[in-house]
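As the structure is a prediction and not an experimental result, all values here were calculated from the model. FYI, the numbering just counts along the sequence from 1.
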Amino acid sequence: LIYGSSLDQYRDFIYQTVEYTLNNDLAEFLTSSTSTFDIGDGVYYITENFPQITDKDTAHTIKGKSNGTINAGGNTVFNVSEDVTFNISDLNIYNTAKSEYAVLKNQGGTVTFKNSVISAGTDLSNAAIYNGSGGTLTLNSVYLVDNASLGTTGGAIFNDGGGILNLNGVTFIKNTTAGTNYSGALYNIGTANLSGTNYFGKSNGTANGIYSAGTINITEGNTYVYA
């Protein structure tokens, strides 16, 4: 999903593609009983925060057909309620709100990201992704790039106490936090399970790639942390 040898080249590619306005289509989907929403090639803009996802009866899936990209336009994207199942695959998300947990706030649901790129931007008030107590968050083949937080609980992911985080083939690049004693990539006080090959690129903080006051399980594969 990343084109070019640098993030700048990747963003140049995005800006060269056809641009669309998502309007209310995705917001309506998230409150409906429809199970799948496909996003085609190109850049899709959102103009307001998406509604909280509360439907416990429908497992919603958002899937990019080719190189689908959401430019969040400074808005908050996904807010998932307890006991909700929600899946995202083959999708690029960037330019979110400066608020905390602007890409995902999982409040006890079961959420999966697959084959996706997440680059929320700078000056976030806290991590781009939050996985709360009772929540299960799984990332398979995901890039987290340039998520810069002014808070202290990670730039990319905050896995809270009671949360379960599964990472399989995840790459963290240039994620930062204002908390110098913590980590810009992953702040974990829950349970984090690492499998496959995971790369934690250099981030700020004395903990570099990972700060954990919880449990880290490495079940198979290799995890690389670069200081």
Side-chain angles (χ1 to χ4, degrees), residues 22 24-39 44 46-64 68-121 124-142 144 147 149 151 153-168 170 186-193 214:
L22 203 53
N24 295 323
D25 292 347
L26 190 52
E28 290 176 0
F29 163 73
L30 294 175
T31 58
S32 74
S33 60
T34 304
S35 61
T36 303
F37 187 96
D38 291 324
I39 293 181
Y44 291 77
I46 62 173
T47 57
E48 60 184 10
N49 297 339
F50 283 146
Q52 187 167 346
I53 306 169
T54 59
D55 185 359
K56 300 179 182 180
D57 299 321
T58 303
H60 289 96
T61 297
I62 297 175
K63 187 177 187 302
T69 298
I70 291 180
N71 180 339
N75 293 289
T76 299
V77 190
F78 304 121
N79 186 352
V80 179
S81 296
E82 185 179 5
D83 297 328
V84 169
T85 300
F86 183 56
N87 307 299
I88 304 100
S89 69
D90 304 289
L91 194 62
N92 308 314
I93 301 172
Y94 73 106
N95 190 27
T96 66
K98 304 304 181 185
S99 60
E100 62 181 7
Y101 322 135
V103 172
L104 171 68
K105 184 176 183 179
N106 182 22
Q107 303 184 68
T110 300
V111 179
T112 300
F113 275 91
K114 181 180 179 181
N115 298 333
S116 297
V117 178
I118 297 169
S119 183
L124 307 174
S125 64
N126 226 316
I129 292 176
Y130 172 77
N131 187 48
S133 178
T136 298
L137 173 62
T138 300
L139 278 68
N140 293 315
S141 300
V142 172
L144 293 113
N147 298 286
S149 169
T153 54
I157 300 176
F158 173 24
N159 187 42
D160 209 345
I164 298 174
L165 173 66
N166 302 309
L167 302 179
N168 183 2
V170 177
L186 170 62
Y187 181 100
N188 174 60
I189 55 175
T191 298
N193 303 308

Check whether any side-chain heavy atom of N131 sits under 4.5 Å from a side-chain heavy atom of I157, and report yes or no.
no
Judged by atom type as modelled, is there a donor-acceptor pair below 3.5 Å linking the side chain of N49 to the main-chain atoms of T76?
yes
Separation between OG (S149) and CG (N126), nearest 0.5 Å, reads 4.5 Å
Any residue meeting ring pair (Phe, Tyr, Trp, His ring centres under 6.0 Å) with Y101, in chain and number order, not counting sequence neighbours:
Y130
With sequence neighbours excluded, tell me which residues meet side chain to side chain contact (heavy atoms under 4.5 Å, CB included) with N193.
I164, N166, T191, N217
If you round to the nearest 0.5 Å, how far is CZ of F86 from CG of N79?
10.5 Å
Do L144 and L139 have side chains that approach each other closer than 4.5 Å (heavy atoms only, starting at C-beta)?
yes
Report the residues that fulfil salt bridge (Lys or Arg N to Asp or Glu O under 4.0 Å) with K98, sequence neighbours left out, ordered by chain and then residue number.
none
Rounded to the nearest 0.5 angstrom, the CG-OH distance for D160 and Y187 is 8.5 Å
When rounded to the nearest 0.5 angstrom, what is the spacing between CG in N159 and OG in S133?
10.0 Å
Side chain to side chain, V142 and L167, heavy atoms closer than 4.5 Å
no
Between F78 and N106, is any pair of side-chain heavy atoms under 4.5 Å apart?
no
For Y94, does its backbone N or O pair with a side-chain atom of T96 as donor and acceptor, under 3.5 Å?
no
Specify the closest pair of heavy atoms between A120 and A128, including all atoms of both residues, with the distance to one decimal.
CB-CB, 3.9 Å
If you take all heavy atoms of S116 and D90, which pair is closest and at what distance?
OG-N, 3.5 Å
Quick one: does S89's side chain get under 4.5 Å of N115's, heavy atoms only?
no
Classify the ring geometry of F29 against F37: parallel below 30°, tilted from 30° to 60°, perpendicular beyond 60°.
tilted
Separation of T85 OG1 from D57 CG (nearest 0.5 Å):
10.5 Å
Qualifying residues under side chain to side chain donor-acceptor pair (under 3.5 Å), relative to S81, sequence neighbours excluded
Q52
Working to the nearest 0.5 angstrom, can you tell me the gap between N75 CG and N95 CG?
9.0 Å
Are side-chain heavy atoms of Y44 and I46 found at a separation under 4.5 Å?
no
Heavy-atom pair of closest approach, residues T153 and F158
O-CB, 3.3 Å
Test log, rule side chain to side chain contact (heavy atoms under 4.5 Å, CB included), inputs L137 and L104
CA-CA 10 Å; L137 173 62; L104 171 68; 3.8 Å; yes
For T61, side chain to side chain contact (heavy atoms under 4.5 Å, CB included) partners two or more places apart
T36, N87
Taking the side chain as every heavy atom from C-beta outward, state whether I70 and L91 have any atom pair closer than 4.5 Å.
yes
Are any of the side-chain heavy atoms of L165 and L186 separated by less than 4.5 Å?
yes
Looking only at non-hydrogen atoms, find the nearest pair between V77 and V103 and report the distance.
CB-O, 3.6 Å
Can you name the side chain to side chain contact (heavy atoms under 4.5 Å, CB included) partners of E82, sequence neighbours left out?
none
